[in-house]
Structure formats: structure tokens, C-alpha cells
**Student:** 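One structure, pasted below without further comment.
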Amino acid sequence: MDVEPIFCAEQIVIPHNLADILKAYTKEVIRRQPTDIIAFSAKYFTNLANVASGVSNSSAPAKEQLRQVYTRGGSGGATLTESQVTGLCQQAGIADAVVAKVMEVGAFDPAAVDLAKFVFLCLAMSCEDFNRVCMGVFDVFSDNGSLPAEDFLNLVAHLGPDMDPEVTPAFLDAVAAELPEAGSAVTYMELCEAPSLKPKLGLS
């Protein structure tokens, strides 16, 4: 690779988003304490590139757009075809490039797309961190600021293991044990009190 020599400070051009990228990366390294930092870094930046490639030329979908897709598509438990999902997204103003990337990341069957999973992955790929994903879940999937604990856990489970290696069955089991009993509703503020979630939410 040919690199032009640098002879003076004026030749140094720092990308405008470099500081934000390195800050987010450093926080993840400090929080997760990986034993193999090279392997962790490779996976981190690969995932970052995959997300960026899907939205680089398109605006990331807003939570209001995702809620529109979710409610118009039949809400929880709905299974649609890829063309139906694409149509709903177009109606909500979500770019086809974003839809295609989420379909790829989620490895969806074009004939049977789990709408809740699709909308959740759209949300996750639009958020900066896990905390914002959790807050967004209640904005997109809830009518009154609360969700059945089981529904919340089922949504978050879609992050692991490829998008977030920390979201393991053991992690989900630990969180489930700290949330209300099955069938009971949970709010974002109640999530913040769950000991297993606090570190991941950046609250400890």
C-alpha cells in the first residue's frame, strides 16, 4: 500500500467520526475485558462494518417508523413474506438498502419473516449501544411503556451470539430470574434494577 510521507502537521487529516468510533470501541474493551483483544477487535469492527454497510447510504430508521411497521404488520407473532415486509417498510419510509441488510444479518427465510425479530434487528442496528436498544424496545413494541418480561427476553435473545457475544443463554437465564414472573409486565426502569443487566446497561 502506497502511503504518502507526512512532512508537516497540515497533511494530517483526521476523519470527523474517528474519535466517536475509538471512544465506543475503548468502552467495549474496558467493559468486556476480552482475553484475546485481537480476536475481539476483529469481530467488533467486522460487526460495525456490517451494520454501517447497510445504512451508510440511507438514514437509519427512526423508532416511529419501526413502530409503524410493527403495528401495521400485525404486531407480535406475525409472520410475513419478504415482499410484504419490504412493502411495509417502504410505506414507513425505510430504505430498501436497510431492509436488505437486516434480511441478510437475520438470515431470514424470504417466505416466512418473523416480523418482531425483523423490527428488533432494525432497531438494534440503529442504536449505539445495548442501553439504547433496551430503551427502544419499549418505544417500538409497547403501547404503555411496559412489556411482558418473556417478550423482552425473546427480543433481546436475537442479539446473540453473532451481534453481541455477551447475550448468551446463561446471561438471559440470569436476567429472567431477576425479572417479574412469567406473564408479568416489566418497564425499562425495572430493567435498570436487575443486577445482571446493570453492567451491560452501563449503570454500574
**Student:** Nearest 0.5 Å, please: how far is CE in Met135 from SG in Cys127?
**Tutor:** 8.0 Å
**Student:** For the residue pair Phe108 and Val113, what are the closest heavy atoms and their distance?
**Tutor:** CD2-CG1, 3.8 Å
**Student:** Which heavy-atom pair separates Gly106 from Lys117 by the least distance, and what is that distance?
**Tutor:** O-NZ, 3.3 Å
**Student:** Does Phe152 share a hydrophobic cluster with Met189, counting links as ILVMFWY side-chain heavy atoms below 4.5 Å and allowing steps through other members?
**Tutor:** yes
**Student:** So, do Val29 and Pro34 sit near enough that their side-chain heavy atoms are less than 4.5 Å apart?
**Tutor:** yes
**Student:** For residues Ala157 and Leu172, report the shortest heavy-atom separation together with the two atoms involved.
**Tutor:** CB-CD1, 3.6 Å
**Student:** Within this structure, what is the CD-OG1 distance for the pair Glu193 and Thr187, rounded to the nearest 0.5 Å?
**Tutor:** 9.5 Å
**Student:** Go through it in stages, so that I can follow the logic: the residues are Leu159 and Phe120, the test is side chain to side chain contact (heavy atoms under 4.5 Å, CB included), and I'd like the CA-CA distance, side-chain angles, deciding distance and then a yes or no.
**Tutor:** CA-CA 9 Å; Leu159 289 174; Phe120 174 79; 3.8 Å; yes
**Student:** Answer yes or no: is there a side-chain heavy-atom contact under 4.5 Å between Leu123 and Lys63?
**Tutor:** yes
**Student:** With Glu82, which of Thr86, Leu80, Val85 fulfils side-chain contact (heavy atoms from CB on, under 4.5 Å)?
**Tutor:** Thr86
**Student:** Any side-chain heavy-atom pair from Leu66 and Ile94 closer than 4.5 angstrom?
**Tutor:** yes
**Student:** Taking all non-hydrogen atoms of both residues, which atom of Val186 and which atom of Phe138 are closest, and how far apart?
**Tutor:** O-CE2, 3.1 Å
**Student:** Using a strict cut-off of less than 4.0 Å between a Lys/Arg side-chain nitrogen and an Asp/Glu carboxylate oxygen, indicate whether Arg67 and Glu64 qualify as a salt bridge.
**Tutor:** no
**Student:** Is it the case that the side chain of Lys200 and the backbone of Phe130 share a donor-acceptor pair, with hydrogens and angles ignored and the cut-off at 3.5 Å?
**Tutor:** no
**Student:** Ignoring hydrogens, what is the shortest heavy-atom contact between Lys43 and Pro165? Give both atom names and the distance.
**Tutor:** CE-CG, 3.7 Å
**Student:** Please report the closest heavy-atom contact between Tyr25 and Ser41, naming both atoms and the distance.
**Tutor:** OH-OG, 2.6 Å
**Student:** Please evaluate residues Leu201 and Cys134 with respect to the criterion side chain to side chain contact (heavy atoms under 4.5 Å, CB included), reporting the C-alpha separation (whole Å), side-chain torsions for both, the decisive distance (0.1 Å), and the verdict.
**Tutor:** CA-CA 8 Å; Leu201 293 172; Cys134 290; 3.9 Å; yes
**Student:** Please name all residues satisfying side-chain contact (heavy atoms from CB on, under 4.5 Å) with Arg72, sequence neighbours left out, ordered by chain then number.
**Tutor:** Gln68, Leu88, Gln91
**Student:** So, taking the atom named CD in Gln84 and the one named OG1 in Thr79, what distance separates them when rounded to the nearest 0.5 Å?
**Tutor:** 10.0 Å
**Student:** First locate atom CZ of Phe40, then atom OG1 of Thr35, and finally report the distance between them rounded to the nearest 0.5 Å.
**Tutor:** 10.5 Å
**Student:** Take Tyr188 and Asn131 through the side chain to side chain contact (heavy atoms under 4.5 Å, CB included) test and state the conclusion after the steps.
**Tutor:** CA-CA 10 Å; Tyr188 171 75; Asn131 189 20; 2.5 Å; yes
**Student:** So, taking the atom named OG1 in Thr71 and the one named CZ in Phe141, what distance separates them when rounded to the nearest 0.5 Å?
**Tutor:** 11.0 Å
**Student:** CG/Leu191 to CG/Leu179 distance, rounded to the nearest 0.5 angstrom?
**Tutor:** 6.0 Å
